[in-house]
Novice: 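After the structure tokens below, expect a handful of questions from me.
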Number of protein chains: 2
Amino acid sequence: MPVTVLLVDDEPLVRAGLRAVLEAQPDIEVVGEAADGAAVIPLVRRLRPDVVAMDVRMPLMDGIEATRAVLRTVAEPPKILVVTTFEDDEYVYEALRAGADGFLLKRARPAEIAHAVRLVAEGESLLFPASVRRLATRYGDGARPARAVLERARLTEREAEVLRLMARGLSNAEIAARLVVGAETVKSHVSSVLAKLGARDRTQAVIAAYESGFVEAG
Amino acid sequence: MPVTVLLVDDEPLVRAGLRAVLEAQPDIEVVGEAADGAAVIPLVRRLRPDVVAMDVRMPLMDGIEATRAVLRTVAEPPKILVVTTFEDDEYVYEALRAGADGFLLKRARPAEIAHAVRLVAEGESLLFPASVRRLATRYGDGARPARAVLERARLTEREAEVLRLMARGLSNAEIAARLVVGAETVKSHVSSVLAKLGARDRTQAVIAAYESGFVEAG
DNA sequence: GACCGTCTCCCCCGTGCGGGGGAGGTCCGT
DNA sequence: ACGGACCTCCCCCGCACGGGGGAGACGGTC
């Protein structure tokens, strides 16, 4: 029987590409897609895929967190194949610690992509040589701002709602009116958001929202 | 008759994704693919596509060079739609200077991608689909031809520089230090930027910068 | 029952921000 | 020679913002 795969990536284009590449393989079947890590667990429970092809950077819950969540909560977890661009290989180490089984670069050729899926499905772990080499040299430096944003972005629902409105240019008073709460309450939420995002002011918070994909341009 | 498209991207995954997205459209047909800018000219000559979807970053000849080459050497050149994930807005200007007709982010939704292809095929120039239109309507300028985002917002060089730093989360004092001018000067520029963008505060200005593609989310 | 996280609201307080003016300088095109 | 952008710096002023506290109410968990 074919290897079943669940695709998790916030970019529809990448999902379409992976689907096209993998479905061209007779022994691989794409059984589902998700646009964010937050949606993964129920899908894994329902679809029971052999492999989850997981993007690293996603709006609500990144691939690292999602990997941890799946491995922690699902009884017979699927293999996790982390899909990433070579630019953000700072994530490699984190992903491996989270329990990912394999690593794949988006710029890989179709045959390599399919090969990677087969390998992790069989229980082999695989890494891309270049990535591994670099993580050895990179590991040790501290400053990783983009990572910090995603990791600390443990926003509550209300905070996320406030951030969304902040990212639409609303003032605290306007947000308060919109949410039908007091201005003090909004200030409180804003402060939490700033703290969790490591932002100094609302402008930096909005930047983080865009950069992390929490809100999308266009 | 359908709009014919030539895909130029070094990553097969992206080509597969674009092909999947575009071929789902009844009025768009992918007539060819190339993995590098160096291969574009003969393909354009032979296939005569309406639109070339061109990646910026490629091994042998990048999208900017390839765009120049095509427009310089082909008699009736196709429309060039530059496709990129690249953060650096320098590429936007370079691409537009090179004669590109449109600009598209890879993280766009399928409908937007298809829409972008149709628009440039019809001779409309577009930078970032929904956002630029917003700018155009808001500032009501009539000048349509492929101009930089800068000129659409009518920002001066200095103002654009200040906006770029604002969009990186810098305070007025930090911008002043960076540009080696007085804080009052920065305030002055910021005020101009806010006025020209129709923004109430720096947060709204930064939002406009992202939405217009003046800066890109990474 | 005790505990914790979340949402809600409240105080004080300093300051960065933005609006409204103005003014001197250069460089440009006419 | 003159106007007109543009960049630079300056004044006053009001206020939204953000920090640092705290507190009551609700819903879960242990």
Side-chain angles (χ1 to χ4, degrees), chain A residues 38 41 60-61 65 68-69 72-73 148-149 151-209 214, chain B residues 93 138-139 141 143 147-209 214:
Chain A
I41 290 183
L60 296 178
M61 183 188 287
E65 267 312 311
R68 280 200 203 97
R72 199 170 47 220
T73 63
V149 169
E151 191 163 349
R152 291 190 222 160
R154 278 301 158 101
L155 300 184
T156 68
E157 288 227 6
R158 206 53 162 170
E159 288 161 356
E161 213 170 348
V162 168
L163 177 55
R164 236 170 265 128
L165 294 174
M166 286 167 67
R168 288 171 60 178
L170 275 67
S171 68
N172 286 345
E174 288 167 342
I175 295 173
R178 182 73 71 93
L179 298 182
V180 200
V181 295
E184 306 297 332
T185 304
V186 174
K187 282 187 59 175
S188 179
H189 289 312
V190 169
S191 290
S192 298
V193 169
L194 298 185
K196 289 185 178 181
L197 295 183
R200 185 177 51 195
D201 49 48
R202 68 201 298 106
T203 303
Q204 289 189 349
V206 169
I207 291 169
F214 179 79
Chain B
Y93 307 129
R138 198 189 297 178
Y139 312 125
D141 69 274
R147 287 264 183 87
V149 179
L150 252 184
E151 298 185 20
R152 297 202 176 248
R154 297 193 291 265
L155 297 182
T156 68
E157 282 290 330
R158 205 52 159 173
E159 287 161 356
E161 212 170 347
V162 169
L163 177 55
R164 233 170 267 128
L165 294 174
M166 286 166 67
R168 288 170 61 178
L170 275 65
S171 68
N172 286 345
E174 288 167 343
I175 295 174
R178 182 76 71 95
L179 299 182
V180 200
V181 295
E184 307 296 332
T185 303
V186 174
K187 283 187 59 175
S188 179
H189 289 313
V190 169
S191 290
S192 298
V193 169
L194 298 186
K196 289 184 179 180
L197 295 182
R200 185 177 53 196
D201 50 47
R202 68 202 296 107
T203 303
Q204 289 190 349
V206 168
I207 291 170
F214 179 78

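Heavy-atom basis, side chains included; hydrogens, waters and symmetry copies ignored. In what follows, chains are A, B, ... by sequence order, proteins preceding strands, each numbered from 1.
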Novice: For DNA chain D, whose closest nucleotide is more 5', that of B:V181 or that of A:D201?
Specialist: B:V181
Novice: With side chain to side chain contact (heavy atoms under 4.5 Å, CB included) as the criterion, how do B:T203 and A:M166 come out once you've worked through the C-alpha distance, each side chain's angles and the decisive distance to 0.1 Å?
Specialist: CA-CA 8 Å; B:T203 303; A:M166 286 167 67; 5.9 Å; no
Novice: Encode nucleotides 23-30 of chain C as B, S and - characters from 5' to 3', where the letter depends on protein heavy atoms closer than 4.0 Å: B to the base, S only to sugar-phosphate, - to neither.
Specialist: --------
Novice: Using the side chain to side chain contact (heavy atoms under 4.5 Å, CB included) criterion, which residues pair with B:S188? Sequence neighbours excluded.
Specialist: none
Novice: With heavy-atom distances below 4.5 Å as the criterion, would you say the side chains of B:V181 and B:R158 are in contact?
Specialist: yes
Novice: For residues A:V162 and A:L179, determine if any side-chain heavy atom of one lies less than 4.5 Å from a side-chain heavy atom of the other.
Specialist: yes
Novice: Would a distance-only check, ignoring hydrogens and angles, find a side-chain to backbone donor-acceptor pair under 3.5 Å from A:D201 to A:Q204?
Specialist: yes
Novice: Without decimals, in angstroms, what is the distance between A:R158 CZ and D:dG27 P?
Specialist: 16 Å
Novice: Walk me through it: do B:E174 and B:L165 pass the test side chain to side chain contact (heavy atoms under 4.5 Å, CB included)?
Specialist: CA-CA 9 Å; B:E174 288 167 343; B:L165 294 174; over 6 Å; no
Novice: Considering non-hydrogen atoms only, spot the tightest contact between B:A205 and B:V193 and give its length.
Specialist: CB-CG1, 4.5 Å
Novice: For the CG atom of B:L163 and the OG atom of B:S192, what is their distance to the nearest 0.5 Å?
Specialist: 12.0 Å
Novice: Does the side chain of B:R200 get closer than 4.0 angstrom to OP1 or OP2 of C:dG18 through an N or O atom?
Specialist: no
Novice: Are A:E161 and A:R164 ion-paired here, with the side-chain N under 4.0 Å from a carboxylate O?
Specialist: no
Novice: Let me test you: for the helix from C:dG1-D:dC30 to C:dT30-D:dA1, what is the angle between the axes at its two ends (five pairs each), rounded to 10 degrees?
Specialist: 40°
Novice: Mind listing the closest non-hydrogen atom pair of A:R200 and A:L194 along with its distance?
Specialist: O-CD1, 4.1 Å
Novice: Would you say B:T156 reaches D:dA5's phosphate, i.e. side-chain N/O to OP1/OP2 under 4.0 Å?
Specialist: no
Novice: Rounded to whole Å, how long is the line connecting atom CD of B:E157 with atom P of D:dA5?
Specialist: 18 Å
Novice: What residues in residues 169-179 of chain A put a non-hydrogen atom under 4.0 Å from any atom of DNA chain D?
Specialist: A:S171, A:N172
Novice: Do B:T185 and B:H189 have side-chain heavy atoms sitting under 4.5 Å apart?
Specialist: yes
Novice: Of all heavy-atom pairs between B:A167 and A:I207, which one has the smallest distance, and what is that distance?
Specialist: O-CD1, 3.1 Å
Novice: Suppose we screen for salt bridge (charged side-chain N to carboxylate O under 4.0 Å, His left out). Which residues come up paired with B:E184, at least two apart in sequence or across chains?
Specialist: none
Novice: What parts of residues 183-191 of chain A reach DNA chain C, counting only heavy atoms under 4.0 Å away?
Specialist: A:E184, A:T185, A:S188, A:H189
Novice: In whole Å, what is the span from the CG atom of B:L194 to the P atom of C:dG18?
Specialist: 6 Å
Novice: Once you round it to whole Å, what is the distance between P of D:dA16 and CE of A:M166?
Specialist: 16 Å
